There are 2 protein chains.
Amino acid sequence: MARPSDQAKRRDLTDRVRAYLVRNGLAGLSLRPLARALGTSDRMLLYYFGTKEGMVAEALALDERRPLVQARAVFDSAESPRDPAGIRRFMEETWQRFGAPDLRPALPLYMEIMAAGLIDPDRYGPVLRDVLAEWTDLLASAFRGLGMREAPARTEAALLVDATFGLLVASLAEGGREQADAAFHALLDRLEPGWHVT
Amino acid sequence: MARPSDQAKRRDLTDRVRAYLVRNGLAGLSLRPLARALGTSDRMLLYYFGTKEGMVAEALALDERRPLVQARAVFDSAESPRDPAGIRRFMEETWQRFGAPDLRPALPLYMEIMAAGLIDPDRYGPVLRDVLAEWTDLLASAFRGLGMREAPARTEAALLVDATFGLLVASLAEGGREQADAAFHALLDRLEPGWHVT
DNA sequence: ATATGCATGTAGCGATCGCTACGGTAAAAA
DNA sequence: TTTTTACCGTAGCGATCGCTACATGCATAT
C-alpha cells in the first residue's frame, strides 16, 4: 500500500506528532500511547508514515534544522554583519530567537537527539556536529571579513558558538533565563574587543 | 528475597554494568542483552539488584557525581585559588581532567542523562542543573574571594562554567579536541583580565 | 550427618512492542 | 453505474519486555 504523499490530514498528523515528540521526547516513544493522545490509532500512524522510524524522521525533518536555517536567514538577509557591532547584534538576535516561545520548547528534544548522537553516532549521529560546524563556519567567515586570518577566525568562531551553546543549555536547565542572559551579554562584552583588528 | 548488600560479585557486576552503560547508553537498555554481554543472565541481574531501575541507579551512583566531586577535591585541596592565575590553573586542570581516558568516555552517557532530565524533570531531572549550580557556586566563591561583589561574581562564574560546558560538549561532538582546546584557552585569555579587580 | 542459605538454571507469566492481514465504508472518478 | 481510491476498525502475529516461581547444586554452620 503506497502511502499518501501530501494530504492535508497527513500534514496535520505530522504536526501533531511533532508536538507530541517535543513534549515527550524520543526515549520511550510508543505508537499506541502516541496514537491515543492524538485521537487516532497506531494503525493510522503506520498507514500514513509506513514505519515508526519513518514517522519520527518525517515529524522532525521540518524542524530539525530550523534553528540553523533561521540563523542563516538572519545572517544572509538584512545586513550581513561586516563589523564587530554587527556580529554582536547578530548574536544577540540569535540568542533572543532561541528564547522565543515557538523555538525554545523544542530545544530539549534537540538536546536529546544530540546526546543520542554522541552515544550512537550511526543514529542521529552528525546532528550536533553539523549544527555546531555550520554555525562555526558562518561566524568564521564573518571574522575573516573583519580581517582575521583563517586560524584565529575559526578559533574565535568556535569559542563564540560553543560558549553560546553552553549558555543555552544552562538556561534550559535552570528554567529561568536571567542568569544565562547576564552571562551571555558578559560573554559578548569580553569577546567583542578582540574583534576590532586593524 | 533480600538482596545481598555488598558481595564482591555484586561489586564486580556493578562495575561491568556501568561499563556497559557507558558504551551503550540508557536509551534502549534491556536486561537480557546486557546480561548476555556480561556472561550472565537477566535472572542474576535482578537477583543482585532487585529491579532494572535499581540496577541503573546503583551502577551510576558511584560515578554520577564524580566529575563534580573530583573538581571539588582539586579545588579544596592543593591550593584553593586565591588569585586570577590560580583560578585559571584550576580551570585548565579541570579541563584536562575531562579529557582523561578514565572520564571522557563516560561523558556521552552523562550528556544523555542530562538531556533526559530536560525533557522529563522527574527522571534524572536535577542532575544537569545541580552539576552546573555547584560548579557555579564553587567559582562564584572564588571570584568573591578576589574582591568581586555577589552579582558580578555569580555572572562571571556562570559564564565560565556554562561556556566551558559548551566547549566540552563540542569537543565530544567533534571527536578531536584540538579546536575545542584552542577555544578553551582563548576563553581563559579573554576572561582572565576581568578577574584582576582592585 | 543434617540443616541453612547463597547462587543459579529453567520456564514461563502477563504485558507491550512494531507491524500486518483483512474487511469494510464512503466519496470521487470512470 | 461501476470501479477505483482514500480512510479506518478489528484482530492478531511473533517477538521482546521486566519480572517471578520453582527447583537444585554447593558451601558452610550446627
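Letters A, B, ... are given to chains in the order of the sequence lines, protein chains preceding strands, and every chain is numbered from 1. Note that the structure is a prediction, hence the values are computed from the model and not measured.
- If you measure from atom CG of A/L13 to atom C1' of D/dC7, you get 12 Å, rounded to the nearest angstrom.
- Atom CE of B/M55 is separated from atom P of D/dG18 by 8 Å (rounded to the nearest Å).
- Of the candidate nucleotides C/dG12, C/dC17, D/dC8, C/dG12 has the atom lying nearest to any side-chain atom of B/R32.
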- Query: Is there a side chain to side chain contact (heavy atoms under 4.5 Å, CB included) between B/E192 and B/M91 once you walk through the steps?
  - Reply: CA-CA 11 Å; B/E192 189 183 346; B/M91 288 304 297; over 6 Å; no
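- More than 12 non-hydrogen atoms from other residues, nucleotides or ligands lie less than 6.0 angstrom from CD of B/E150.
- Not one side-chain nitrogen or oxygen of A/Y47 sits closer than 4.0 Å to the OP1 or OP2 atom of C/dT20.
- Spacing between atom CG of A/D12 and atom C1' of D/dC7 amounts to 15 Å, rounded to whole angstrom units.
- Residue pairs meeting the salt bridge (charged side-chain N to carboxylate O under 4.0 Å, His left out) criterion with at least one member in residues 170-179 of chain B, sequence neighbours excluded, are B/R177-B/D181.
- The shortest distance between the side-chain N/O atoms of A/S30 and the OP1/OP2 oxygens of C/dG18 is below 4.0 Å.
- Among pairs with a residue in residues 30-40 of chain B, none fulfils side chain to side chain donor-acceptor pair (under 3.5 Å), at least two apart in sequence or across chains.
- Residue A/R43 contributes atom CZ, which lies 15 Å from atom P of C/dG24 at whole-angstrom precision.
- For the pair A/L46 CG and D/dT10 P, the computed distance is 16 Å after rounding to whole Å.
- The side chain of A/K9 sits closest to D/dC7 out of D/dG18, D/dC7, C/dA7.
- The distance from atom CE of A/M44 to atom C1' of C/dT25 is 13 Å, rounded to the nearest whole Å.
- Distance A/L26 CG to C/dC17 P: 16 Å, rounded to the nearest Å.
- Heavy atoms of B/L29 sit under 4.0 angstrom from primed sugar atoms or phosphate atoms, though from no base atom.
- For D/dC8, the OP1/OP2 oxygens have no side-chain nitrogen or oxygen of A/S41 closer than 4.0 Å.
- With C/dG18, D/dA6, C/dA7 as the choices, the nucleotide that has an atom nearest any side-chain atom of A/K52 turns out to be C/dG18.
- Distance, A/L45 CG to C/dT20 P: 14 Å, rounded to whole Å.
- In this structure, B/E112 contributes its side chain and B/A27 its backbone to a donor-acceptor pair below 3.5 Å.
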